[in-house]
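Scope of the values below: all heavy atoms of this structure, side chains included, with no hydrogens, waters or symmetry mates. Along the sequence shown, residues carry numbers from 1.
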Amino acid sequence: MSSPATRPSPATRPAPAALGEPGPPRRRTRILALPEARWAAAALVLFLAALPLYLAGAPAWAWGPLFALTYATGGWEPGWAGLRALADRTLDVDLLMVVAALGAAAIGQVLDGALLIVIFAVSGALEAVATARTADSVHGLLDLAPATATRIADDGTEEEVPTERLGVGDIVLVRPGERIGADGRVLEGASEVDQASITGEPLPVAKQEGDEVFAGTLNGTGALRVKVERDPADSVIARIVALVREASETKAPTQLFIEKVEQRYSLGMVAATLALFAVPLLCGAALQPTLLRAMTFMIVASPCAVVLATMPPLLSAIANAGRHGVLVKSAVVMERLGQVDAVALDKTGTLTEGTPRVTDIRPLAAFGLGEDELLRLAAAAEHPSEHPLARAIVDAARTRGLDLPPVEDFSSTPGAGVRATVAGRTVAVGSPARLLDDTPDHPARTMAADLEEEGRTAVLVLLDGTPVGALGIADRLRAEAAATVAALGRLTGTAPLLVTGDNPRAATRLAGEVGIEDVRAGLLPQDKVRAVRELEQAGRKVLVVGDGVNDAPALAAAHTGIAMGRAGSDLALETADAVVVRDELATVPAVVRLSRRARRLVVQNLVVAAVFITGLVVWDLAGTLPLPLGVAGHEGSTVIVGLNGLRLLTDAAWRRARTEAADAPAPHGGPAGRTGRPQDRRRAPGGGQAR
């Protein structure tokens, strides 16, 4: 029986569900929408109609046509598929099942052959339904994005357009209760948006001017005007669908190995069947029981359950992870994730949010400026700049409700900072190393050194050429960072290491907060690759988690790479094997645990298949195995294997993976699984975050 992973039915594409309900819609393919189910139902009805007539001894003309139709309706599709495979010089086990049924009918075992056809057709229908359920979880994501959006033209008129026609810079109106058509930013209005489908947040989030919104999320009671910032084809939800679809079309190494062995096994099985038929005949055995035994052997020895053992668990895990914001790009990756035994984590944008924030405002007492005045001057000068540190300073001023005076003569020098005229006075904001003279004991230099010692990026503020204070800026640690580091340490048995280009002081301070002892700081991209290869040469299978362009080489070199998706660079997203779309770091250990569960289910399935095949074959060779019982055992094992793999589709499977990842027993060597490796504390060129 062909694996549903390799022979999908067109009917597994369910019709679009209605929009408007909160949360991700759950699509379920109707059973009779599948052709396999319709043909199986027809064969079953015809068989049940013929069975009482046959058992009651009615004439052959009464039950014969019904059995013939049973053979036709239940066997034509797998038979035709088998003939096409044979034309491509591939032996399909479906064809062997049909041949066995026809052989039974040819020697007068019409009932047994019809029963084989019916059980075989019903088993195929159950596999098709199971495959459709997997496809439902993937394609259900498509329902999140609305088909149309209300675009506002330059003259203020409104027009209804398909969402795929929206472009970056378009303004769309989102009315109460509508789904947002594209990723963008609120220009006008206020509302609460249910974005559980994208971020996983259980409660609606308040949105107002300047806030980011995502395609497919559900607007609340207010109207919003949203400026499109990302092409609909590149939206978060579109990337989820595209990547999960790609993943569903790949095969894991275990599956590829099984398919390679399947052809040789099938040819060997056919040869054994012919020998089991021919040798007893040459020795004088009767034709009918010999042929029946040979056909029973061909049925029970067929590797249907083995072929189906691998892909359902892996595809179910991929679909489940995709629903929860982790895009695993292939079945190969899903299988490899469960093999990792060491983790290397980037700092900025991975363990931290990747958004710098003002943490310290320190005016020099000799000049009489207060914190608000110092921040106002700095924010006014930085306001025209697009640098991340400038945005952090301006955001801090706005948070305090400070009014920013207009500026003139703005200029920016890369690596140094900005200079502008504010209220008739010259304000410079930038790197202490570039703005200060060579006086070693200047109070401002001491203040900047203190900030850097605390792991901050120091920004100096000069008024008319004189230092008047400094600002400390730092990235904020993700709330789940420490728990994730601990969970990954427990899962792999080795404490994660930190690989970062940041300066050693900032890296060490953050590592101490999350429980990492092995710190590699001041690394260039090639240094990160070198660190990964050192671990791999020691026999480790390394998982790298990062987000930036400088992480891409390490993501590519690692056994498996995961990118943080929301702020991740395009290069990192393309290079990584998996993407955390919602930037929820805690999903990393969960998907590793889910992969391990999928691998365990694959092993379970292979054991079940082997036990059934071995037991039934031994029974047939050593005793007398009734054909109906052999059919029931063979097809029953196939269904058991298929349904066992689909257990990972449920939300409960994801919750269990997260719980198991959090509660895994600590490895030897301490709570985080310490490695004892020396820290590499090389200083980043220039220190801090370069301007």
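Residues L543 and V588 are in side-chain contact: their nearest non-hydrogen atoms beyond the backbone lie under 4.5 Å apart. Within the 4.5 Å cutoff, the side chain of Q339 has heavy atoms near those of the R599 side chain. Within the 4.5 Å cutoff, no side-chain heavy atoms of T73 are placed close to those of V45. Using a 4.5 Å cut-off on side-chain heavy atoms (C-beta onward), E660 and R596 make no contact. Counting heavy atoms from C-beta outward, L276 and L621 have side chains that approach closer than 4.5 Å. Side-chain contact between F67 and F47 is present, with at least one heavy-atom pair separated by less than 4.5 Å.
The minimum heavy-atom distance linking A58 with W63 is given by the pair O-NE1, 2.9 Å. Closest non-hydrogen pair, V118 versus A43, comes out as CG2-O, 3.8 Å. For A182 against L166, the heavy-atom pair with the smallest separation is CB-CD1, 4.1 Å. The minimum heavy-atom distance between A294 and T273, with the atom names listed, is O-CG2, 3.4 Å. Residues P626 and W619 approach most closely at CD-CZ2, 4.4 Å, considering heavy atoms. Here the closest non-hydrogen pair linking I180 and F214 is CB-O, 3.6 Å.
For the pairing with D651, the salt bridge (Lys or Arg N to Asp or Glu O under 4.0 Å) check across R323, R658, R656 returns one residue only, R323.
Distance check, rounded to the nearest 0.5 Å: CG of L287 to CZ of F277 gives 5.0 Å. For the atom pair CE (M334) and OG1 (T560), the distance works out to 11.0 Å, reported to the nearest 0.5 Å. Within the model, atoms CG of L337 and NE2 of H559 stand 8.5 Å from one another, a figure rounded to the nearest 0.5 Å. Rounding to the nearest 0.5 angstrom, the gap separating the CZ atom in F297 from the CG atom in L616 is 11.5 Å. In this structure, CG on L53 lies 11.5 Å from CG on L48, to the nearest 0.5 angstrom. With values rounded to the nearest 0.5 angstrom, I117 atom CD1 is found 9.0 Å from T70 atom OG1.
Under the 3.5 Å distance criterion, the side-chain polar atoms of D577 are left unmatched by any main-chain donor or acceptor of V328. Listed for the S316 side chain is no donor-acceptor partner under 3.5 Å among the backbone atoms of L649. Side-chain N or O atoms of T290 include one that pairs as donor or acceptor with a backbone N or O of A286 at under 3.5 Å. Side chain of W654 to main chain of N320: no donor-acceptor pair is present (N/O by atom type, distance under 3.5 Å, no hydrogens or angles). Judged purely by atom type and a 3.5 angstrom limit, R647 has no side-chain atom pairing as donor or acceptor with the backbone of L601. Listed for the R179 side chain is no donor-acceptor partner under 3.5 Å among the backbone atoms of A215.
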Yes or no on side chain to side chain contact (heavy atoms under 4.5 Å, CB included) for E335 and V602, after CA distance, side-chain angles and deciding distance?
CA-CA 10 Å; E335 189 172 43; V602 169; 5.7 Å; no

